[in-house]
Amino acid sequence: MRRRPEHLDAEGGLRRELYFFGLYRVLEASLLALLAFGPAAVLVGPVQYPVLVAATAMGYLAAAAVLMIWGRDSNSLRTPVIAGLLVDIVVAALATHGAPQVASGIALMLLFNVGAAALFLPLRLALAAAALAFVVILGQYLWSVAAGGDQRPLAEIFMFGTSYLALATLMNQLGGRMQASEALATQRGVEVANLAEVNELIIRRMRTGVLLVDADGHIRLANEAAQALLGDAGDGRRVLALCAPELARRLQQWRSDGASDNTPLRLGSEQDEVLPRFARLLANSELSLVFLDDTSLLSRRAETITLAALGRFSASLAHEIRNPLAAISYAAQLLEESNDISLADRRMLQIVRQQCVRMNGIVESVLGLARRERANPEHIEVVGLARRFIDEYVSAHPLDDDSLQISHQTPTQTALVDPRHLQQILTVLVSNARSYGRLPGQPARITLRVHHDDGIPSIDVLDRGPGIPDGAADRLFRPFYTTSEHGTGLGLYIARDLAKANEGDLDYIRTPGGSCFRIKLPGSRALLGQSMARG
């Protein structure tokens, strides 16, 4: 079973403590070796069995080194702890037998080994190890008394035994609490780290730009939205005054007098309008947080709300305006047929009918916002549809001196699109080309060019007019934007909306000597994907 990270971290702490326990055991073995081979006899007197003590010291020193390495590399902690404690007990018994004059000191050192081992063992094993140490010490004592060599009182041995059991119990409880506290601390650390990552992700993905600027004007942190608003700073510029001089000036002004300028400013290569807000990271900190609210997002939200309200209003608008408008237009037509109308009045009736036609076009455009009919895509042949559109458009809208023709790369090209929507888009584009895509005093020359754009079926509506100024090109597809006093500014917006409803797109392409609107249509891949989805 896979262990959680906090368990791995807690085990790492225990392994580190076991390593220090091993170092202590090496120290004990070194002291025993000093007793056997060094001048310690001057302090404790002659050793009763020097050969036994020397052999025990050398073996204990080697075993201590092996146990320390084993505890560092072993997958289990319990096994090296038990093995090490057994070695400690055996060595204590042998050393006590070989040097009975230091038996109390050896028993006291064994006390620490029993207590330290209890940190790593369950209570049952810890008490068993303490009892074993007591039994071994007691057995060695009785052996020495029988041989007439140990003069210590029996009460001392029982005191050591009681100490072994008490210390094992106490250290086991302490070890359990220590492990639980360390596991809890590790778990809390993981949770805090996860929360920090979540907060960082939230800040990074916020649509509001966030900058952290120090007292010297250096950008310490910036989320994705702020980087997009500031533009490409890949040249290593991290100074706010270089990336956005006006923003740096406003920040400095806010730091000096606390006043904020609520006027939107333009940032980056795209000249996006943002509204900056400032705040201190901490009460007395020199670090400042700069929030950059993209006003274009707010504008788009306002447009969405406006269009939704307008769509609901358009249903009643049809009954309130269209019917009276049709009655006025019909009455004007009847009056024109009368022979009693003078020439001047007949001209006035023509003006009435023209204005009725214009008003009807405005109503149709507004109603188009409410007609969010679901696209019913069909597998169509684009060149044939373009030819049929030209025939139908010419029959309904006489061209006079204007021209409308088609050009194509291949005889047949397929796409997946709703033909009614495509005809509506083409009608808007061709009507706009006839109105605005002509030079003064010259007829309009309009071409529908069917081709592939990077493998995508496309239709270009080309004219030879004066083109569209750069300032107006960026706002062509916004609702209610128009450069004509007779337009509604809804035609291109509805046309693009219909293209997107068919999983296509409509863009304005800058070309020399005229204008080009490109309709990108879903091709054979979209057809396959939708057929699989339906299946």
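Sequential numbering from 1 along the given sequence is applied to the chain's residues.
- With sequence neighbours excluded, no residue satisfies side chain to side chain contact (heavy atoms under 4.5 Å, CB included) with Pro50.
- Residue Leu142 holds its CG atom at 7.0 Å from CG of Leu154, rounded to the nearest 0.5 Å.
- For the atom pair Ile425 CD1 and Arg496 CZ, the distance stands at 11.0 Å (nearest 0.5 Å).
- Here the rule is side chain to side chain donor-acceptor pair (under 3.5 Å) with Arg250, and of Glu246, Gln253, Gln252 only Glu246 fits it.
- Using a 4.5 Å heavy-atom cutoff, the side chains of Leu289 and Arg280 are not in contact.
- Phe21 is linked by a ring pair (Phe, Tyr, Trp, His ring centres under 6.0 Å) to nothing, counting only residues two or more places apart in sequence or in another chain.
- In terms of the side chain to side chain contact (heavy atoms under 4.5 Å, CB included) criterion, residue partners of Ser104 (sequence neighbours excluded) are, by chain and number, Arg152, Glu156.
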Worksheet item: Given Asp505 and Arg518, is the side chain to side chain contact (heavy atoms under 4.5 Å, CB included) satisfied, shown in steps?
Response: CA-CA 8 Å; Asp505 203 358; Arg518 178 165 297 168; over 6 Å; no
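- Put simply, the side chain of Leu211 reaches to within 4.5 Å of the side chain of Leu247, judged on heavy atoms.
- Side-chain contact between Leu422 and Leu498: absent, with no pair of heavy atoms (C-beta onward) separated by less than 4.5 Å.
- Summarising the geometry, atom CD1 belonging to Ile509 is positioned 11.0 Å from atom CD1 belonging to Ile468; distances are rounded to the nearest 0.5 Å.
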Below 3.5 Å, can you tabulate the donor-acceptor pairs from side chains in residues 26-37 to any protein atom, sequence neighbours excluded?
unit_1, atom_1, unit_2, atom_2, d
Glu28, OE1, Tyr60, OH, 3.1
Glu28, OE1, Asn113, ND2, 2.9
Glu28, OE2, Tyr24, OH, 3.1
Ser30, OG, Val26, O, 2.8

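- The side-chain heavy atoms of Leu492 and Tyr508, taken from C-beta on, include no pair separated by under 4.5 Å.
- With sequence neighbours excluded, no residue satisfies ring pair (Phe, Tyr, Trp, His ring centres under 6.0 Å) with Tyr164.
- With sequence neighbours excluded, no residue forms a side chain to side chain contact (heavy atoms under 4.5 Å, CB included) with Met159.
- Of all heavy-atom pairs spanning Ala226 and Ala222, the tightest one is CB-CB, 4.3 Å.
- The heavy-atom pair separating Met178 from Glu17 by the smallest distance is CE-OE1, 3.3 Å.
- Between Leu165 and Ala130, the shortest heavy-atom distance links the atoms CD2-CB, 3.7 Å.
- Arg78 meets the side chain to side chain contact (heavy atoms under 4.5 Å, CB included) test with Ser76, Ile82, Leu121, Pro122, Leu125; sequence neighbours excluded.
- With rounding to the nearest 0.5 angstrom, the OG1 atom of Thr414 is 10.5 Å from the CG atom of Leu521.
- Atom CE of Met109 is surrounded by more than 12 heavy atoms from other residues, nucleotides or ligands within 6.0 Å.
- Atom CG of Leu174 and atom CG of Leu167 lie 10.0 Å apart (nearest 0.5 Å).
- Side-chain contact check for Val210 versus Phe291: some heavy-atom pair is nearer than 4.5 Å.
- Taking each heavy atom of Ala129 and Leu85 in turn, the nearest pair found is CB-CD2, 3.0 Å.
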Expected list for residues 213-221: side-chain donor-acceptor pairs under 3.5 angstrom, two or more places apart:
unit_1, atom_1, unit_2, atom_2, d
Asp214, OD1, Asp216, N, 3.1
Asp214, OD1, Gly217, N, 3.1
Asp214, OD1, His218, N, 2.7

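- Side-chain contact check for Leu292 versus Pro276: some heavy-atom pair is nearer than 4.5 Å.
- With values rounded to the nearest 0.5 angstrom, Leu416 atom CG is found 8.0 Å from Asn502 atom CG.
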Worksheet item: For Ile459 and Phe517, what are the C-alpha separation, side-chain angles and deciding distance, and is it a side chain to side chain contact (heavy atoms under 4.5 Å, CB included)?
Response: CA-CA 8 Å; Ile459 303 177; Phe517 287 88; over 6 Å; no
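- Under the salt bridge (charged side-chain N to carboxylate O under 4.0 Å, His left out) criterion, the residue pairs touching residues 86-115 are Arg25-Asp88, with sequence neighbours excluded.
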Practice prompt. Just do the side chain to side chain contact (heavy atoms under 4.5 Å, CB included) check on Leu86 and Leu132 with the steps written out, would you?
Written response: CA-CA 9 Å; Leu86 292 176; Leu132 178 62; 3.5 Å; yes
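- Leu111 places none of its side-chain heavy atoms less than 4.5 Å from the side chain of Phe160.
- Counting only residues at least two apart or in different chains, ring pair (Phe, Tyr, Trp, His ring centres under 6.0 Å) contacts with residues 239-262 comprise Trp254-Phe278.
- When the side-chain hydrogen bond (donor to acceptor under 3.5 Å, both in side chains) test is applied to Ser458, no partner is found at least two apart in sequence or on another chain.
- Contact check for Val90 versus Leu94: side-chain heavy atoms found under the 4.5 Å cut-off.
- For the pair Asn194 (side chain) and Val190 (backbone), a donor-acceptor distance under 3.5 Å is present.
- Nearest heavy-atom pair across Ala99 and Val53 is N-CG2, 4.1 Å.
- Screening residues 122-136 for side-chain hydrogen bond (donor to acceptor under 3.5 Å, both in side chains) gives no qualifying pairs among residues at least two apart or on separate chains.
- No donor-acceptor distance shorter than 3.5 angstrom exists from the side chain of Asn376 to the backbone of Asp418, with no hydrogens or angles considered.
- Heavy atoms only, all atoms of each residue included: Ser288 and Leu251 are closest at CB-CD1, 4.1 Å.
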